[in-house]
Amino acid sequence: MALSATLLLGGAVSAQKVAFEEYNLDNGLHVILQNDPSAPVVITSVMYHVGAKNENPERTGFAHFFEHLLFEGTENIKRGEWFKIVTGNGGTNNANTTEDRTYYYEVFPSNNLELGLWMESERMLHPVINQIGVDTQNEVVKEEKRLRYDNSPYGQMIPEVKKKMFTNHPYRWTTIGSMDHLDAAKLEEFQSFNKKFYIPNNAVLVVAGDFNATQTKEWIQKYFGAIKKGTTIERETFVEEPITETIKAKFEDSNIQIPMVVAAYRTPSMKTRDARVLDFISTILSDGKSSRLYKKIVDDKKMALQIGAFSYSQEDYGTYILYGLPQAPSTSENLLTEIDAEIVKLQTELISDKELQKLQNKYENQYVNSNASIEGVADNLATYYMLYKDVNLINTEIEMYRTITPEEIRTVAKKYLNPNQRLVLDYVPSSDKATK
């Protein structure tokens, strides 16, 4: 084992500290162990540093496709048997994909830890990628796209925002990608994508829950140690020029009756302090019925049926999105004017100490909740290692939120949330009922 680092951040410091150990196998697989004997369950999870942004622009949707494809079976797990093995041994499992990474996990009673490790090593070592599996999952993904995007009210909002906000960066397409691209892809292309990205030196294995550390390390070496290191992945850097003039766009959606106005701003990487401050700003503006936008525009003025704001946080850039559904006689333009007035307030006036305390309490609560289950802990450990390059953020990130000041909130609002730095998308009903 090339590298060994143990971090024992015990309960003496704080009840919420998460103690973990991390090390590397010779093949580059990073391992994180987090022992919690409070319940007789254990999670085995693997995160690969591959997402939609790593795809060929002519072959979008591959990473998400693999989220499905790598459940098809391996040389030792027959097609259709994966879920049967998991449920037959008292477990659950799932996977998810973003623009930046793909994550697989199983939760088992702790006496089945070896089984979980073996299954994840099988997925990494020799998955069966054949035409039957590709054809089957192609239909599954098409149905998912129809359900989530094509036939869902406002389902094209995120795809349209991404398309307009990014011209150079691969964030310009959605994780689900293009069905035409998937249809056109040959089997060899899927096999090549697997060989390139689903390798030990592009992955982190997290084991969390009730286990014996010595035995677990032996099993990890047994099942993962012999997997060959893959070719080092060369990653391209994509830079977007700053937005200096309002981008205006319109989209017609045949699934809606009520228009929506969207204002989207490009923001920095989720790794930055500014991204955390923008989280606070999002909460001030639209988190819950006491938030500024909801109280003013929905409750008091009755100008909107719904109003919202959220940060679409990612490894390279973020997108900050505000949206509203006007209530007649109000219009999208009226809503945008009211939203802008609240942003100007944040840019010119300091929030009160009471508001700041409320924000800090809310984030403290979210922090506790996110580490309240082994699933949450495992996900956080993998994410902080893979995307932030600092596993101990699981214990220290809350300090960033605790130290955000009213002055910082004002500064960050001034820096990123100006009319000339955004996309304004007029998202309107269409009489055309054809599928977009």
Side-chain angles (χ1 to χ4, degrees), residues 5-23 30-49 91-96 98 100-110 113 116 120 203-213 216 269-273 275-280 282-283 287-288 310-311 313-315 357-404:
T6 304
L7 295 171
L8 294 171
L9 301 154
V13 181
S14 159
Q16 290 305 322
K17 289 288 183 188
V18 176
F20 61 90
E21 179 181 355
E22 56 177 330
Y23 62 93
H30 195 72
V31 179
I32 304 174
L33 305 179
Q34 195 276 321
N35 210 316
D36 177 2
S38 59
V41 291
V42 68
I43 185 169
T44 51
S45 69
V46 176
M47 183 176 285
Y48 294 92
H49 201 179
T92 59
N93 68 173
N94 214 330
N96 53 67
T98 69
D100 300 311
R101 92 298 177 273
T102 307
Y103 186 59
Y104 301 89
Y105 66 91
E106 296 77 34
V107 182
F108 279 117
S110 46
L113 169 59
E120 283 303 336
V204 56
L205 165 69
V206 179
V207 179
D210 181 25
F211 60 87
N212 175 284
T216 301
S269 162
M270 62 189 187
K271 294 180 274 193
T272 61
R273 185 175 175 91
R276 275 89 169 190
V277 180
L278 284 160
D279 288 341
F280 263 21
S282 174
T283 302
D287 188 5
F310 60 93
S311 276
S313 297
Q314 295 163 299
E315 187 178 13
Q357 188 61 56
K358 185 179 168 186
L359 282 167
Q360 288 172 344
N361 292 346
K362 187 179 278 284
Y363 279 79
E364 194 91 28
N365 190 43
Q366 284 177 8
Y367 164 70
V368 171
N369 288 340
S370 76
N371 291 330
S373 67
I374 61 163
E375 292 96 325
V377 167
D379 192 335
N380 285 337
L381 288 169
T383 301
Y384 287 129
Y385 169 75
M386 187 64 77
L387 303 184
Y388 292 81
K389 309 299 180 220
D390 181 2
V391 188
N392 199 41
L393 276 171
I394 196 167
N395 292 310
T396 60
E397 186 180 40
I398 189 62
E399 292 302 328
M400 290 194 213
Y401 287 107
R402 284 175 183 150
T403 57
I404 291 170

Is there side-chain contact between [X] and [Y], with heavy atoms separated by less than 4.5 Å?
| X | Y | value |
| --- | --- | --- |
| Phe20 | Ile394 | yes |
| Met400 | Leu393 | yes |
| Leu113 | Phe108 | no |
| Asn96 | Arg101 | yes |
| Leu33 | Tyr23 | yes |
| Glu364 | Tyr401 | no |
| Thr98 | Gln314 | no |
| Thr403 | Arg273 | yes |

Among Tyr367, Tyr384, Tyr363, which residue meets the side chain to side chain donor-acceptor pair (under 3.5 Å) test with Glu397?
-> Tyr384
Report the distance from atom [atom1] of [X] to atom [atom2] of [Y], rounding to the nearest 0.5 Å.
| X | Y | atom1 | atom2 | answer |
| --- | --- | --- | --- | --- |
| Asp279 | Met270 | CG | CE | 11.0 Å |
| Glu22 | Tyr385 | CD | OH | 8.0 Å |
| Asn212 | Ser110 | CG | OG | 11.0 Å |
| Ile43 | Asp36 | CD1 | CG | 12.0 Å |
| Thr216 | Asn35 | OG1 | CG | 7.5 Å |

Please report the C-alpha distance between Ser45 and Tyr103 in whole Å, then the side-chain angles of each, then the deciding distance to 0.1 Å, and finally whether the side-chain hydrogen bond (donor to acceptor under 3.5 Å, both in side chains) criterion is met.
-> CA-CA 7 Å; Ser45 69; Tyr103 186 59; 3.1 Å; yes
Between [X] and [Y], what is the shortest heavy-atom contact and its length?
| X | Y | answer |
| --- | --- | --- |
| Asp100 | Glu315 | OD2-N, 2.9 Å |
| Ser311 | Ser282 | N-OG, 4.4 Å |
| Asp210 | Pro40 | OD2-CA, 3.7 Å |
| Gly91 | Pro109 | N-CD, 4.4 Å |
| Gln360 | Arg402 | NE2-O, 2.9 Å |
| Glu106 | Glu120 | OE2-OE2, 2.5 Å |

Crowded around Lys358 NZ? As in, over 12 foreign heavy atoms under 6.0 Å?
-> no
Please name all residues satisfying salt bridge (charged side-chain N to carboxylate O under 4.0 Å, His left out) with Asp287, sequence neighbours left out, ordered by chain then number.
-> Lys362
Residues Glu21, Val31; criterion side chain to side chain contact (heavy atoms under 4.5 Å, CB included); working and verdict | CA-CA 8 Å; Glu21 179 181 355; Val31 179; over 6 Å; no
Evaluation steps, side chain to side chain contact (heavy atoms under 4.5 Å, CB included), between Val107 and Glu375 | CA-CA 8 Å; Val107 182; Glu375 292 96 325; 3.9 Å; yes
Using the side-chain contact (heavy atoms from CB on, under 4.5 Å) rule, pick out the option among Leu381, Thr44, Ile374 that qualifies with Val206.
-> Leu381
Criterion side chain to side chain contact (heavy atoms under 4.5 Å, CB included) on Met47 and Asp379, from CA distance to verdict = CA-CA 9 Å; Met47 183 176 285; Asp379 192 335; 4.3 Å; yes
